[in-house]
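One structure below.
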Amino acid sequence: MIETPCGTTVEILPKHVDGLGEHVVEDARALLRKLLGRALDLPVREVGEAAIERFDFPLTEWVMNRFLLALERVVRRGVRSDYVRVEETQRFLRGRLDLTRQLRQPPGRDHIFNIRHDVYLHDRPENRLLKSALKKVCDCSEHPDNWRLARELSALFVEVPRSTDAVSDFRAWRSDRLMAHYADARPWCELVLGQQMPLSLAGLTHGLSFMFAMDRLFERTVANSLRSSLHSDTRLIEQSTRHSLCTHLGGKKFTLKPDMLVEAAGRQSIVLDAKWKMIDESLMDKHYGLAQADFYQLFAYAHKYQGGKGDLALIYPRTEFFTRPLAPFQLGTGLNLWVLPFDLEAEIVLWPEEGSASGFLPLSGRAPGLPVYRRA
């Protein structure tokens with residue numbers, strides 16, 4: 001969600017179907033939630049505050065890391081304290097004497113004073129909420145960096161009690177000048193305590209909004225789908241940096257980073273690239289809407305990672321205009337490039353007909369939901 005100074009609000013959604021109807025918008029929002037749920041450890045660009053919608057989702061290391069970094073900035077700028085009213089009995093006078101309670105004391109306790117006084121402590125609503133969220137992160141985090149940072153910060157909040165009424169404490173959260181550096185940590189604290197994930201859609205919650213790269217979201221979703229479909233002795237490497245385009249003065253230049261590289265013992269490496277683009281299988285005279293630059297890119301990958309032979313694939317989202325794999329493109333003798341659709345709803349790649357490229361990947365026969373396209 002982007003709000004301009006004149007009040008115009010722009011909502012940016014992934015475009016994977018044609019049309020502007022209400023159902024299209026809802027489908028696009030649902031798709032964005034689904035892709036984010038599969039790839040929430042992606043780099044994200046913060047674009048300020050906006051009204052966002054939140055959805056229930058188990059805490060991820062990405063959200064916990066963002067909360068810990070925000071809390072670390074709060075600690076560096078100073079954890080604020082406040083005066084807390086304490087009512088107690090002591091053998092000495094301190095602060096004010098509580099006359100009502102003092103007069104009601106039984107005989108023999110004249111030497112005991114009922115007093116009221118203020119103590120300057122870290123026990124304030126903001127710190128109690130941060131301590132509660134930090135405790136949840138300590139219990140949930142499994143990433144070593146998050147685990148280490150969470151326990152380092154816990155040592156600094158050891159004297160702060162946890163919140164017993166989060167709603168009231170959030171209502172009492174102050175936003176004055178002295179507490180300005182706490183503002184960035186509040187949205188993350190709310191998300192951690194509510195076990196919810198942020199989404200850049202219109203909603204009622206005032207907090208952070210984000211912009212996600214759809215090509216990276218799509219690439220991560222395809223990689224997760226393929227990883228669950230491969231044989232156990234096969235590994236999938238994302239963004240491999242093993243080869244470069246050329247060398248110069250003994251150093252590598254222009255690193256070649258395919259989206260996915262599949263390796264298996266006794267088999268040739270297979271390069272796959274995912275593109276968040278819409279193509280049309282009926283536009284044969286216009287190359288189906290495929291980009292020449294993508295073919296140059298895959299051609300370079302094939303020669304460096306596969307020795308210029310074998311099969312490789314370009315994977316695009318399945319749409320009403322692209323429902324089946326295209327016939328293979330011959331890039332040279334023994335080098336075939338396949339263009340395959342990826343079903344966003346089922347999260348599966350639609351493979352070519354049996355007997356052609358259905359076996360060029362070491363797929364597990366036990367993996368469910370691996371449809372093979374057959375011509376009618």
Just wondering, do Leu191 and Phe67 contact through their side chains at under 4.5 Å, heavy atoms?
no

So, the side chain of Tyr305 versus the backbone of Ser240: is there a donor-acceptor pair under 3.5 Å, distance only?
yes

Trace of the side-chain contact (heavy atoms from CB on, under 4.5 Å) decision for Val75 with Phe157:
CA-CA 10 Å; Val75 171; Phe157 284 80; 3.9 Å; yes

Calculate, to the nearest 0.5 Å, the distance between atoms CZ and CG belonging to Arg96 and Asp118 respectively.
9.5 Å

Main-chain N/O of Ser132 paired with Ser163 side-chain donor or acceptor, under 3.5 Å:
no

Could you go through Lys253 and Ser244, starting from their C-alpha distance and side-chain angles, then the distance that decides it, and tell me whether this counts as side-chain contact (heavy atoms from CB on, under 4.5 Å)?
CA-CA 6 Å; Lys253 301 295 181 182; Ser244 59; 5.9 Å; no

Provide the closest heavy-atom pair for Ala300 versus Leu256 in the form atom of the first, atom of the second, distance.
O-CD1, 4.0 Å

ILVMFWY network linking Val167 to Tyr182, side-chain heavy atoms under 4.5 angstrom:
no

With side-chain contact (heavy atoms from CB on, under 4.5 Å) as the test, would you mind laying out the steps for Lys277 and Asp294 before giving the verdict?
CA-CA 11 Å; Lys277 300 177 182 178; Asp294 294 340; 2.9 Å; yes

Is any side-chain heavy atom of Asn65 closer than 4.5 Å to one of Asp145?
no

Least distance between heavy atoms, Pro14 atom then Leu31 atom
CG-CD2, 4.4 Å

For the hydrophobic clusters of this structure (ILVMFWY residues joined by side-chain heavy atoms under 4.5 Å, transitively), does one cluster hold both Tyr316 and Met284?
yes

Which pairs with one or both residues in residues 249-298 pass ring-ring contact (aromatic ring centres under 6.0 Å, His included), sequence neighbours excluded?
Phe218-Trp276, Phe295-Phe329

Heavy atoms of Phe299 and Leu331 approach each other most closely as CE1-O, 3.5 Å

For the atom pair CG (Asp259) and CG (Leu226), what is the distance rounded to the nearest 0.5 Å?
11.0 Å

Given 3.5 Å as the limit, does a donor-acceptor pair link the side chain of Asn127 with the main chain of Asp123, or not?
no

Of all heavy-atom pairs linking Asp184 and Ala70, the shortest is O-CB, 4.2 Å

Would you call Arg73 and His181 a side-chain contact if the rule is heavy atoms closer than 4.5 Å?
no

Has the side chain of Tyr301 got a donor or acceptor atom that lies under 3.5 Å from a matching backbone atom of Leu312?
no

Shared hydrophobic cluster, Phe342 / Leu230 (ILVMFWY, side-chain heavy atoms < 4.5 Å):
yes

Please examine the side chains of Asp280 and Lys286, heavy atoms only from C-beta on, and report whether any two atoms are closer than 4.5 Å.
no

Which atom of Leu340 lies closest to which atom of Pro325, heavy atoms considered:
CD2-CB, 3.7 Å

Indicate yes or no: at least one non-hydrogen side-chain atom of Leu344 is less than 4.5 angstrom from one of Arg318.
no

Measure the spacing between OG of Ser225 and CG of Asp343 and express it to the nearest 0.5 Å.
9.5 Å

Judged by atom type as modelled, is there a donor-acceptor pair below 3.5 Å linking the side chain of Gln102 to the main-chain atoms of Asn114?
yes

When you measure from the side chain of Glu159 to the backbone of His122, do you find a donor-acceptor pair of N or O atoms at a distance under 3.5 Å?
no

Which atom of Ala150 lies closest to which atom of Leu134, heavy atoms considered:
O-CD1, 3.8 Å

Heavy-atom count check: over 12 atoms from other residues, nucleotides or ligands less than 6.0 Å from His111 NE2?
yes

Flag, side chain of Glu281 to backbone of Leu326, donor-acceptor distance under 3.5 Å:
no

SB check Arg220 Glu238 (cutoff 4.0 Å):
yes

In Å and rounded to the nearest 0.5 Å, what is the CD to CG distance from Gln306 to Leu298?
9.0 Å

Starting at CG of Leu103, measure out to CG of Leu97 and round the result to the nearest 0.5 Å.
8.5 Å

Could you state whether Val160 and Val79 fall into the same hydrophobic cluster, counting links through intermediate Ile, Leu, Val, Met, Phe, Trp or Tyr residues with side-chain heavy atoms under 4.5 angstrom apart?
yes

Determine, step by step, whether Arg116 and Arg101 satisfy the side-chain contact (heavy atoms from CB on, under 4.5 Å) criterion, reporting the C-alpha distance in whole Å, the side-chain angles of both residues, the deciding distance to 0.1 Å, and the verdict.
CA-CA 11 Å; Arg116 294 175 178 173; Arg101 294 175 59 193; 5.6 Å; no

Do the side chain of His243 and the main chain of Lys304 share a donor and acceptor less than 3.5 angstrom apart?
yes

Heavy-atom side-chain proximity of Arg242 to Ile237 below 4.5 angstrom:
yes

Can any side-chain N or O of Arg162 pair as donor or acceptor with the backbone N or O of Lys131 at less than 3.5 Å?
no

With Val222, the side chain to side chain contact (heavy atoms under 4.5 Å, CB included) member among Met260, Arg227, Lys275:
Met260

If you define the side chain from C-beta out and look only at heavy atoms, does anything of Trp188 sit under 4.5 Å from Leu69?
no

Output yes when a side-chain donor or acceptor of Arg174 lies under 3.5 Å from a complementary backbone atom of Met179, and no otherwise.
no

Close side-chain approach of Leu217 to Met214, heavy-atom, < 4.5 Å:
yes

Pairwise distance CG(Leu130) to CG(Leu153) - rounded to 0.5 angstrom:
10.0 Å

